[in-house]
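Read the structure below first, then the notes.
Lettering follows sequence order; numbering is per chain, from 1.
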Protein chains: 2
Amino acid sequence: MNLRELSERLNLSQTTVSRALNGYPEVNEATRKRVADAAALYNYRPNIRAQTLATGRSMSIGHIIPFSKQNEMVNIVFADFIAGAGEVYSRHGYNMTLSVVRDEDEMSAYRGVAEKGAVDGIIVHSPTRNDPRIAFLAELDIPFLVHGRASEVTTPYSWMDVNNTRALEQGTQYLLELGHRRIALINGQEKMDFAQRRRDGYVSALQSWGIAADETIMRSGEMSEPFGHASTLELLDGPAPPTAIVTSSIVLALGIRRAIEERGLRMGRDVSILCFDDEISYLPNGLDAPVFTAMRSSVRAAGRRCAEMLIEQITTPAHDIRTELWDAELVIGGSTAPGPAKDT
Amino acid sequence: MNLRELSERLNLSQTTVSRALNGYPEVNEATRKRVADAAALYNYRPNIRAQTLATGRSMSIGHIIPFSKQNEMVNIVFADFIAGAGEVYSRHGYNMTLSVVRDEDEMSAYRGVAEKGAVDGIIVHSPTRNDPRIAFLAELDIPFLVHGRASEVTTPYSWMDVNNTRALEQGTQYLLELGHRRIALINGQEKMDFAQRRRDGYVSALQSWGIAADETIMRSGEMSEPFGHASTLELLDGPAPPTAIVTSSIVLALGIRRAIEERGLRMGRDVSILCFDDEISYLPNGLDAPVFTAMRSSVRAAGRRCAEMLIEQITTPAHDIRTELWDAELVIGGSTAPGPAKDT
DNA sequence: GAATCACCCCAAAGCGCTTTGGATTGCCAA
DNA sequence: TTGGCAATCCAAAGCGCTTTGGGGTGATTC
């Protein structure tokens with residue numbers, strides 16, 4: 001059943017039927033009802049391909065996720081972010097077009113998707129410090145929003161981010177106040193902007209207490225449980241093991257805890273852990289009380305907000321830049337305890 | 001730059017230009033080259049919306065992920081499955097349309113997406129025992145493929161699954177051979193088909209050794225680390241604690257291990273763990289050697305295979321059913337050791 | 001030399017919607 | 001009576017591509 005058939009059965013023009021269904025004012029309420037009833041009866045559903053061609057809007061948002069043979073890993077927060085964004089999209093009649101492309105093809109994927117008119121806007125994931133995609137998209141003149149920031153990019157662009165620097169500053173600060181002085185960092189890959197910012201926050205908190213950051217107890221790499229584990233074993237077996245560890249992800253924290261216990265120590269008592277908790281749905285930080293002391297910020301909520309912001313940007317005539325910075329919240333769990341400097 | 005403009009600049013008809021670009025034989029190689037060069041020069045890219053309308057194919061595969069307020073959890077294997085499928089899609093010129101819908105709207109989402117012509121095929125995720133979506137999609141007459149199976153559904157349909165029954169049978173068998181007699185199960189939610197099958201395999205292995213399944217040491221619930229932890233504490237604190245635990249996910253296994261260690265026991269020595277390992281990229285089973293003894297089957301590879309099968313189904317004229325069953329592979333890790341019956 | 005046949009190319013008709021620019025009708029004020 | 005004005009509705013022109021059904025042109029065959 002298409003529009004022509006439906007309009008023929010109703011003895012109305014396609015124009016009128018289309019307008020009736022799309023809520024235009026220039027149609028009698030009685031006919032509108034007649035049309036709506038017939039549409040329901042015949043189970044009419046406008047062909048979305050024709051619709052997008054006619055309107056020029058695709059009602060779809062693009063997400064491009066790069067993948068490389070070397071780094072097979074999927075971003076751990078990806079699923080929850082997508083779930084959050086997707087909720088908002090479907091509420092607004094949009095859907096999500098996801099392209100998984102080899103990373104050497106990523107740029108051309110953006111170009112392709114934008115110029116072919118496949119999407120009305122794009123979300124950029126996991127920006128690096130000097131992310132080339134941003135200038136590129138700005139030039140393509142398509143609405144886009146970055147989840148995160150790219151510190152070294154000068155082109156103005158829209159973004160939504162959590163204050164990573166402040167989060168790790170605050171977290172490290174908390175450990176310092178507890179009396180820890182030798183605090184390690186296990187971070188994500190430092191080409192990622194968020195990882196750099198977190199490192200900055202960590203370093204800056206130490207400095208404000210007159211402690212120089214020590215490269216020998218800083219690690220960065222893939223955010224996986226085994227990496228957290230292996231890094232921690234190294235740290236604990238090193239010449240001057242830390243009494244506390246700050247880390248970028250709950251999945252790393254799981255590995256860290258395992259290593260601590262493997263060395264016969266106890267988390268909280270012997271070594272404290274403070275982690276960043278994105279509230280990943282299958283890795284909740286405890287069921288009732290938080291297990292880990294954490295800087296918490298829901299990535300799912302971030303996904304929702306990014307989607308909203310991008311839709312606003314698309315529907316608003318002026319393509320104005322919009323930005324939003326969230327603060328992570330400190331939650332106290334069982335993974336931290338007073339450190340050695342507390343008793344002095 | 002659209003087709004008309006390009007053809008005008010070339011002094012050719014739209015027909016010829018279109019044919020040249022799409023590799024039709026009835027065009028001179030010289031003109032084809034001329035067209036290709038001009039297309040590259042002017043950065044011409046066919047409008048995908050017009051293309052899909054004209055061809056009737058959308059070159060897009062639909063994935064619908066339900067979400068409910070009660071169960072906010074994203075399926076843990078989702079991201080890797082998507083990544084695998086996405087690779088294949090982009091290699092074949094397809095992309096992926098993802099809709100996140102409230103679960104009460106799921107059926108109408110399928111109908112909508114199919115009838116509106118938004119997608120050429122659909123992947124069905126996480127089927128339940130008697131999944132209503134299957135008959136529904138079969139009736140809509142759109143190619144679809146189920147990742148998993150629905151045991152109670154009688155309509156024929158295409159699926160790709162891992163042999164869950166056999167996997168857990170084999171895993172449990174292995175523990176029995178090691179001398180374990182009291183083996184617990186920590187499973188996913190049993191409305192899910194895979195969880196039921198895994199349970200069946202576990203029960204059947206026990207029975208073949210003359211052991212009756214004991215409901216008091218079987219758990220099912222969300223696949224999260226805290227659930228594994230909480231369940232294990234219950235089991236260990238119960239009247240007759242198990243000497244081995246079989247579980248459905250590596251994320252549960254992490255929680256199980258934590259509980260074991262929390263009770264002063266050691267994984268492998270005091271309590272053995274055997275888990276199903278989907279090879280989730282951020283939760284690898286160890287870096288070099290496997291940490292957990294596991295039944296292993298890559299969900300990413302499954303995503304790839306599902307995508308291939310669905311594309312075949314779409315491009316093959318006959319809508320014939322196709323099915324594929326994979327076997328999981330037993331890998332021996334450090335989480336299992338001989339049980340009490342071994343010395344007798 | 002006429003007929004046949006590849007080989008290239010083209011005009012035009014869709015695909016199924018939206019939207020522009022009227023046309024028609026009935027009603028009311030002048 | 002007539003002009004003006006809402007209120008409704010419609011025909012037709014896109015949107016940018018693919019594809020059908022030819023139509024020339026030059027070479028080959030008889």
Exercise for the section: Please confirm whether the backbone N or O of B:G86 pairs with a side-chain atom of B:R91, one donor and one acceptor, at under 3.5 Å? Expected result: no

Exercise for the section: Name the first nucleotide and the last nucleotide along DNA chain D (5' to 3') that come under 4.0 Å of a heavy atom in chain B. Expected result: D:dG16 to D:dG21

Please examine the side chains of [Y] and [X], heavy atoms only from C-beta on, and report whether any two atoms are closer than 4.5 Å.
X: B:I64; Y: B:V101; answer: yes
X: B:M160; Y: B:W326; answer: yes
X: B:V17; Y: B:V35; answer: yes

Practice task
Please assess B:M96 against A:M96 for the test side chain to side chain contact (heavy atoms under 4.5 Å, CB included), listing each intermediate value before the final yes or no.
Solution key: CA-CA 8 Å; B:M96 171 162 36; A:M96 172 162 37; over 6 Å; no

Considering only nitrogen or oxygen atoms on both sides, find all protein atoms under 3.5 Å from nucleotides 25-28 of chain C and state each distance.
none

[X]: what forms a ring-ring contact (aromatic ring centres under 6.0 Å, His included) with it, not counting sequence neighbours?
X: A:Y94; value: none
X: A:Y110; value: none
X: B:H147; value: B:F81

Problem - From CA spacing to verdict: side chain to side chain contact (heavy atoms under 4.5 Å, CB included), B:R102, B:D105 - result: CA-CA 5 Å; B:R102 286 185 311 176; B:D105 299 338; 3.2 Å; yes

Problem - Pairing residues for A:S151 by the side chain to side chain contact (heavy atoms under 4.5 Å, CB included) criterion, not counting sequence neighbours - result: A:R129, A:D193, A:R197

Contact residues, [range] to DNA chain D [heavy atom, < 4.0 Å]:
range: residues 25-37 of chain A; answer: A:E26, A:V27, A:N28, A:T31
range: residues 10-24 of chain B; answer: B:Q14, B:T15, B:S18, B:R19, B:N22, B:Y24
range: residues 51-58 of chain A; answer: A:L53, A:A54

Problem - B:I61/B:T97 under side chain to side chain contact (heavy atoms under 4.5 Å, CB included): CA gap, chis, key distance, verdict - result: CA-CA 6 Å; B:I61 309 291; B:T97 297; over 6 Å; no

Exercise for the section: Begin from the C-alpha positions of B:S18 and B:T15 and carry the test side-chain hydrogen bond (donor to acceptor under 3.5 Å, both in side chains) through to its verdict. Expected result: CA-CA 5 Å; B:S18 170; B:T15 311; over 6 Å; no

Handout entry: side-chain hydrogen bond (donor to acceptor under 3.5 Å, both in side chains) assessment of B:S58 paired with B:D120
Key = CA-CA 6 Å; B:S58 70; B:D120 295 336; 3.1 Å; yes

Problem - Inter-axis angle, terminal five-pair segments of the helix from C:dG1-D:dC30 to C:dA30-D:dT1 [nearest 10°] - result: 60°

Problem - Criterion side-chain hydrogen bond (donor to acceptor under 3.5 Å, both in side chains) on B:S90 and A:S99, from CA distance to verdict - result: CA-CA 7 Å; B:S90 65; A:S99 318; over 6 Å; no

Exercise for the section: Would you indicate whether B:E139, at its atom CD, is surrounded by more than 12 heavy atoms from other residues, nucleotides or ligands within a distance under 6.0 Å? Expected result: no

Problem - Contact list for residues 28-42 of chain B, test salt bridge (Lys or Arg N to Asp or Glu O under 4.0 Å), sequence neighbours left out - result: B:E29-B:R32, B:K33-B:D37

Practice task
Can you tell me which residue pairs pass the salt bridge (Lys or Arg N to Asp or Glu O under 4.0 Å) test with a partner in residues 38-49 of chain B, sequence neighbours excluded?
Solution key: A:E115-B:R45

